Peer 1: 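One structure, as structure tokens, below. Some questions next.
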Amino acid sequence: MRVDTQLAVEVRTAIESAQASGALPAFAIPEVLTERPREAANGDLSSPIAMRLAKMARMAPLKIAQIIADHLPTLPYVREVVVAPPGFINFWVATTFLQTQVEEILTEGMDYGRITLGTGQKAQVECVSANPTGPITLGRTRGGVMGDTLARAMRAAGYDVTLEYYYNDAGRQITMLGESVKIRYLQLLGEAAELGDEHYQGEYIVDIAQEIQDAYGDALKNEADDFFANYAKDRISQKQKESLKRINIEFDVYFREYSLYENGRVWEALETLQQKGYVYEQDDAQWFRSTAFGDEKDRVLVKQSGEPTYRMPDIAYHWDKAQRGFDLVVDFFGPDHHATAPQVLMGVQALGYDTRFVRTVLHQIVSLVRGGEQVKMSTRRGTYVTLDELVDEVGPDPIRYFMISRSGNSEIIFDLDLAVEHSDKNPVYYIQNAHVRCAGIFRKWEEAGHDPHADEQADLSLLTHENELSFLRKAMELGNVLELMVNESEPHHITFYAYELASAFHPTYETCRVLHSEVPEPLRLARLRFYRAAQQLFARVLDLMGMSAPEVM
RNA sequence: GCCCCUGUAGCUCAGAGGAUAGAGCGUCGGCCUCCGAAGCCGGAAGCCCAGGUUCGAGUCCUGGCAGGGGCACCA
């Protein structure tokens, strides 16, 4: 049960019954919220509703709060209700209810904290969507971790989620890719060929050329660029999938841009826009009248050359999303797409769809620091650090954690030294260590020959230490955190929650011993049960972040 | 020039219109004879500026100032 939302319902009902009895005048009740007060002295939950009602009710907030409190029924999960100036209604959750969370966590397991926000709704999360022209970069990694984490939260919120990768396997970049590989291949054969400025400079191009040479020798000397383009994009795409899998990101759908050409959707979209009168010709190009949707200028859809710009298939792709009937679509874009995302939605509007089902989430760049110095990266020169290199150096868990450790609006400075540091400075280990410490308790317990199931008979009413109760209070907030993540499309909240949970755990571990000799037997069993639940909850939260829950480190 | 993002503690960042603005790092001072010190306990230290909306503004609006990114018939 969500105590926060349930209390909000109770408060609303109390207002209604106060109105019915004439204690409060009639007015439309706005949304009732409960929130966690900053100060523990102000209770576990609080509602500021009385302040909002003051004007409508033409009464002092404090008096309204008192009337609402008087109309609240006795609730088994609430220990105390206090009205406080200037008009807060503060609630303390009953200790007995906190204790029930132990079994709740163990029963629900990897579903603990789930909410019903998206029940029965179809959603899509699109992220990464890199061109298959090179390795996954850190910027794309960030979008990927954000998207995957949000998808996990949305699943926990009941959505049927499709995690999708839009794979730009058509257009000019692929042409350049093919040329680049062919030039490298010819070079390997000792032919005179030079890369131009627009070609891909990275070493991986040489590797692919080498692969081709190993397989075909010099037989492809006169082969068309297309062969090299197709070979390279398949190879690179496969590598990208493998890289992403290393950080626990696996897509449900790889949507190929090229398929929009194969099935004619790109041209169909263009024709539809033309029929609706949003396309005109100028300078031998086809222009989209995006100014009709608030854009600062019109945009080219089809170039003089007759080729579509990237915009055209992007619009067709989002048109397709609209037709697939998603209730919610979340697109993640890096800083290079901040300006273009709205134009695509304007195109979908022009095609006749309400685009409110699409949310675009933008994020800022990722930079690397090593030894206190910024690591210099350049995409053009191919001197950027790739996801694979980062996984090799720090492992998947720190990447998952740090990539969502900030709001998307903040730049991330990834500290390579900190990421691998096994100390209290590193939040990754701080959180995982909570799980490890729990596992350690049970390992010792069983090694000593005790019954591994002994805690199933525990008397949980013995869990009265303030640290234990604080941990259980924090545990109960998970649903609220998931709701916030999904409503705001902000995955970073889970890292803060995980850290806070660990911060509630470690002092408990220090003060509420289990195996020490002075602990009375019934309390020992209750605490075993408590740590069993704690371990389960850390496994749950780490899984929501796509991280491992180690038993030893 | 136009658009987007950001200015909160020495540093890096949370802050969902509510009460005395929270963390981590750093700093200063304590804590291991039994479950992992990869930990715990305590101290000092902060909302860029000016208006406005509101019962109430770090949060919303307007205008400054400062930093970052983007403004292609590339994607």
Side-chain angles (χ1 to χ4, degrees), chain A residues 33 35-39 41-42 46-48 51-52 54-55 60-61 84-88 90 129-131 133 168 171-174 176 198 257 282-287 296-297 299-305 307-311 313-314 334-342 362-365 405-413 415 418 421-430 432-434 436-445 448 480-481 483-484 487-488 490 492-493 495-496 499-500 502-503 505-519 527-528 531 552-553:
Chain A
L33 292 174
E35 57 196 17
R36 189 169 57 94
R38 285 205 268 245
E39 292 292 319
N42 291 327
S46 175
S47 178
M51 268 105 69
R52 282 194 201 142
K55 192 170 271 181
F88 291 99
N90 297 334
S129 297
N131 301 332
T133 55
N168 294 261
R172 182 179 158 72
Q173 315 226 22
I174 298 299
M176 298 318 293
E198 291 188 293
E257 178 186 359
Q282 186 183 305
D283 304 331
D284 295 326
Q286 303 284 319
W287 291 72
E296 54 192 18
K297 61 178 190 184
R299 310 284 172 174
V300 173
L301 291 176
V302 182
K303 305 184 234 177
Q304 276 180 351
S305 63
E307 291 171 305
T309 61
Y310 69 91
R311 222 170 261 124
D314 275 7
D336 49 339
H337 284 68
H338 286 192
T340 63
L362 309 179
H363 64 81
Q364 303 294 329
I365 60 168
S405 64
R406 304 275 179 261
S407 147
N409 291 331
S410 289
E411 179 182 348
I412 286 181
I413 299 168
D415 187 330
L418 176 61
E421 191 167 319
H422 288 211
S423 81
D424 55 352
K425 290 180 195 170
N426 188 340
V428 175
Y429 291 96
Y430 184 76
Q432 289 181 323
N433 189 37
V436 168
R437 283 178 137 183
C438 292
I441 292 171
F442 293 102
R443 195 165 51 242
K444 288 231 157 159
W445 175 256
N480 189 267
V481 171
E483 182 180 82
L484 179 62
N487 279 337
E488 306 294 320
E490 288 178 338
H492 70 276
H493 297 291
T495 57
F496 287 88
Y499 195 89
E500 286 166 12
S503 300
F505 172 85
H506 289 300
T508 311
Y509 181 88
E510 299 279 337
T511 51
C512 300
R513 298 290 176 164
V514 182
L515 306 180
H516 284 201
S517 53
E518 79 278 7
V519 180
R527 286 184 172 168
L528 273 173
Y531 287 109
V552 290
M553 290 197 294

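The structure presented is a predicted model; accordingly, all values stated were derived computationally and were not measured. Residue numbers begin at 1 in each chain, while the letters A, B, ... track the order of the sequences.
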Peer 1: Please report the distance separating the P of B/rA57 from the corresponding atom of B/rC61, rounded so that it comes out in whole Å.
Peer 2: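 Roughly 15 Å separates the two P atoms.
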Peer 1: Mind checking if A/His516 touches a base, just sugar-phosphate, or nothing, with heavy atoms under 4.0 Å?
Peer 2: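 The residue A/His516 makes base contact.
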Peer 1: Taking atom P in both B/rG7 and B/rA14, what distance in whole Å separates the two?
Peer 2: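 7 Å, rounded to whole Å.
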Peer 1: Taking the minimum atom-to-atom distance to the side chain of A/Arg406, which one of B/rA14, B/rC35, B/rC40 wins?
Peer 2: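 Out of B/rA14, B/rC35, B/rC40, the nucleotide with an atom closest to A/Arg406's side chain is B/rA14.
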Peer 1: Mind listing the closest non-hydrogen atom pair of A/Glu257 and A/Pro313 along with its distance?
Peer 2: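 Scanning both residues completely, I find the closest heavy atoms to be OE2-CG, 3.2 Å.
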Peer 1: Using a 4.0 Å heavy-atom cut-off to protein, can you give one letter per nucleotide of nucleotides 68-74 of chain B, 5' to 3': B if the base is in contact, S if only the sugar-phosphate is, - if neither?
Peer 2: -SS--BS
Peer 1: Looking for any heavy atom pair under 4.0 Å, which part of the strands does A/Cys438 touch: base, sugar-phosphate only, or nothing?
Peer 2: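 Here A/Cys438 touches no strand at all.
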Peer 1: Would you name the heavy atoms of A/Asn42 and A/Pro37 that are closest together and state the gap between them?
Peer 2: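 Looking at all heavy atoms of both residues, the closest pair is O-CG, 3.4 Å.
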Peer 1: Checking all strands, does A/Asn433 fall into the base, sugar-phosphate, or nothing category for heavy-atom contacts under 4.0 angstrom?
Peer 2: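 Counting heavy atoms under 4.0 Å across all strands, the contact made by A/Asn433 is with sugar-phosphate only.
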Peer 1: Given the C1' atoms of B/rG43 and B/rG26, what is the spacing between them in whole Å?
Peer 2: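 Between the two C1' atoms, the distance is 14 Å.
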Peer 1: When you check every protein heavy atom under 4.0 Å of nucleotides 55-61 of chain B, what one-letter string (B, S, -) results, 5' to 3'?
Peer 2: B--B---
Peer 1: Search all heavy atoms of A/Pro86 against all heavy atoms of A/Phe88 and return the closest pair with its distance.
Peer 2: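 Distance-wise, the nearest heavy atoms are CD-CE1, 3.5 Å.
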Peer 1: For atom C1', what is the distance between B/rA45 and B/rG10, given to the nearest Å?
Peer 2: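 It works out to 9 Å between them.
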Peer 1: Identify the heavy atoms of A/Tyr430 and A/Ser503 that sit nearest to each other, and give their distance.
Peer 2: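 Closest approach of A/Tyr430 to A/Ser503: OH-CA, 3.4 Å.
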Peer 1: Rounded to whole Å, please give me the gap between CD in A/Glu500 and C1' in B/rC13.
Peer 2: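 Going from A/Glu500 (CD) to B/rC13 (C1'), I get 13 Å.
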Peer 1: Show me, range against range, the stems involving RNA chain B, built from at least 3 consecutive Watson-Crick or G-U pairs below 3.5 Å.
Peer 2: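 Stems found: B:1-7 with B:65-71, B:10-13 with B:22-25, B:27-31 with B:39-43, B:48-52 with B:60-64.
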Peer 1: Atom CD1 of A/Ile441 and atom P of B/rC35: how far apart are they, to the nearest Å?
Peer 2: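 For the pair A/Ile441 CD1 and B/rC35 P, the rounded distance is 11 Å.
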Peer 1: Roughly how many Å is it from NE2 in A/His363 to P in B/rC5, rounded to a whole number?
Peer 2: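 About 15 Å, once rounded to whole Å.
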Peer 1: Can B/rC32 be described as syn, meaning its chi torsion is within 90° of 0, or is it anti?
Peer 2: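 Syn for B/rC32; the angle stays within 90° of 0.
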Peer 1: For nucleotides 6-11 of chain B, list the nitrogen or oxygen atoms of the protein found under 3.5 Å from its nitrogen or oxygen atoms, one pair per line.
Peer 2:
{"residue": "B/rU6", "atom": "OP1", "partner": "A/Asn409", "partner atom": "ND2", "Å": "3.0"}

Peer 1: What is the nucleic acid contact for A/Phe88, judged by heavy atoms within less than 4.0 Å: base, sugar-phosphate only, or nothing?
Peer 2: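 Contact class for A/Phe88: base.
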Peer 1: Mind checking the P distance from B/rU33 to B/rA16? Whole angstroms is fine.
Peer 2: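 Those two atoms are separated by 44 Å.
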Peer 1: Where each residue is assigned the nucleotide of RNA chain B containing its nearest heavy atom, which of A/Ala502 and A/His337 is assigned the position nearer the 5′ end?
Peer 2: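 Looking at RNA chain B, the more 5' nearest nucleotide goes with A/Ala502.
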Peer 1: Ignoring hydrogens and angles, answer whether the base of B/rA19 and the side-chain atoms of A/Asn90 contain a donor-acceptor pair closer than 3.5 Å.
Peer 2: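 A donor-acceptor contact between them is present.
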Peer 1: Can you name the side-chain contact (heavy atoms from CB on, under 4.5 Å) partners of A/His493, sequence neighbours left out?
Peer 2: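 Partners of A/His493 under the side-chain contact (heavy atoms from CB on, under 4.5 Å) test: A/Val481, A/Leu484, A/Met485, A/Glu490.
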Peer 1: B/rA75 base to A/Thr133 side chain: any donor-acceptor pair below 3.5 Å?
Peer 2: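 There is none.
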Peer 1: Considering all heavy atoms of both residues, which atom of A/Trp287 and which atom of A/Gln282 are nearest to each other, and what is their separation?
Peer 2: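 Closest approach of A/Trp287 to A/Gln282: NE1-O, 3.2 Å.
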Peer 1: Which part of the nucleic acid, if any, lies within reach of A/Asn480 when heavy atoms closer than 4.0 Å are counted: base, sugar-phosphate only, or nothing?
Peer 2: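 The answer is base, as A/Asn480 lies within the cut-off (heavy atoms under 4.0 Å) of a base atom.
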Peer 1: Is the closest side-chain heavy-atom distance between A/Val436 and A/Tyr429 below 4.5 Å?
Peer 2: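 No, too far: nothing below the 4.5 Å cut-off.
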Peer 1: Show the nearest heavy-atom pair for residues A/Ser47 and A/Leu33, with the distance to one decimal.
Peer 2: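 Of all heavy-atom pairs spanning A/Ser47 and A/Leu33, the closest is OG-O, 3.1 Å.
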Peer 1: How far, in whole Å, is B/rG58 from B/rU8 if one measures between their P atoms?
Peer 2: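 The same atom, P, in both gives a distance of 15 Å.
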Peer 1: Given side chains that start at C-beta, do those of A/His363 and A/His492 come closer than 4.5 Å, heavy atoms only?
Peer 2: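 A side-chain contact is absent here, since even the closest heavy-atom pair is not under 4.5 Å.
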Peer 1: Which part of the nucleic acid, if any, lies within contact of A/Thr340, taking any heavy atom under 4.0 Å across all strands shown: a base, the sugar-phosphate backbone alone, or nothing?
Peer 2: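 A/Thr340: base contact, heavy atoms under 4.0 Å.
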Peer 1: Using the C1' atom on both, measure B/rC35 against B/rC47 and round to a whole Å.
Peer 2: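 The answer is 43 Å between these two C1' atoms.
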Peer 1: Hey, which of A/Thr508, A/Leu515, A/Val514 is the one that makes side-chain contact (heavy atoms from CB on, under 4.5 Å) with A/Arg527?
Peer 2: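 Between A/Arg527 and the candidates, side-chain contact (heavy atoms from CB on, under 4.5 Å) is satisfied uniquely by A/Val514.
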Peer 1: Would you say A/Tyr499 places a side-chain N or O within less than 4.0 Å of OP1 or OP2 belonging to B/rC25?
Peer 2: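 No, outside the criterion.
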Peer 1: Does A/Arg311 have any side-chain hydrogen bond (donor to acceptor under 3.5 Å, both in side chains) partners at least two apart in sequence or in another chain, and if so, which?
Peer 2: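 Result, side-chain hydrogen bond (donor to acceptor under 3.5 Å, both in side chains) vs A/Arg311: A/Gln343.
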Peer 1: With heavy-atom distances below 4.5 Å as the criterion, would you say the side chains of A/Thr340 and A/Tyr310 are in contact?
Peer 2: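 Yes. Closest side-chain heavy atoms under 4.5 Å.
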Peer 1: Would the distance check show the side chain of A/His506 and the main-chain N or O of A/Asn433 forming a donor-acceptor pair, the cut-off being under 3.5 Å?
Peer 2: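 Not at all, since once roles are kept as given, no pair shorter than 3.5 Å links the two residues.
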Peer 1: With a 3.5 Å distance limit and no angle check, can you tell me whether A/Thr309 reaches the backbone of A/Val302 through a side-chain donor-acceptor pair?
Peer 2: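 Side chain of A/Thr309 to backbone of A/Val302, a donor-acceptor pair under 3.5 Å: no, none is there.
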Peer 1: Report yes or no: does A/Asn426 contribute a side-chain atom to a donor-acceptor pair with the main-chain N or O of A/Val428 at less than 3.5 Å?
Peer 2: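 Checked: pair present.
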Peer 1: Could you give the distance separating B/rC13 and B/rU6 at their P atoms, to the nearest angstrom?
Peer 2: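 So the two P atoms sit 13 Å from each other.
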Peer 1: Under 4.0 Å, heavy atoms only, any strand: does A/Pro48 hit a base, just the sugar-phosphate, or nothing?
Peer 2: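 Base contact.
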Peer 1: Just how far, in rounded Å, is P of B/rA37 from OH of A/Tyr429?
Peer 2: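 My rounded result for the distance is 17 Å.
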Peer 1: Do the non-hydrogen side-chain atoms of A/Arg36 and A/Asn480 ever get within less than 4.5 Å of each other?
Peer 2: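 Not in contact.
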Peer 1: What integer distance in Å separates A/Tyr430:OH from B/rA23:P?
Peer 2: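 It is 11 Å, rounded to the nearest whole Å.
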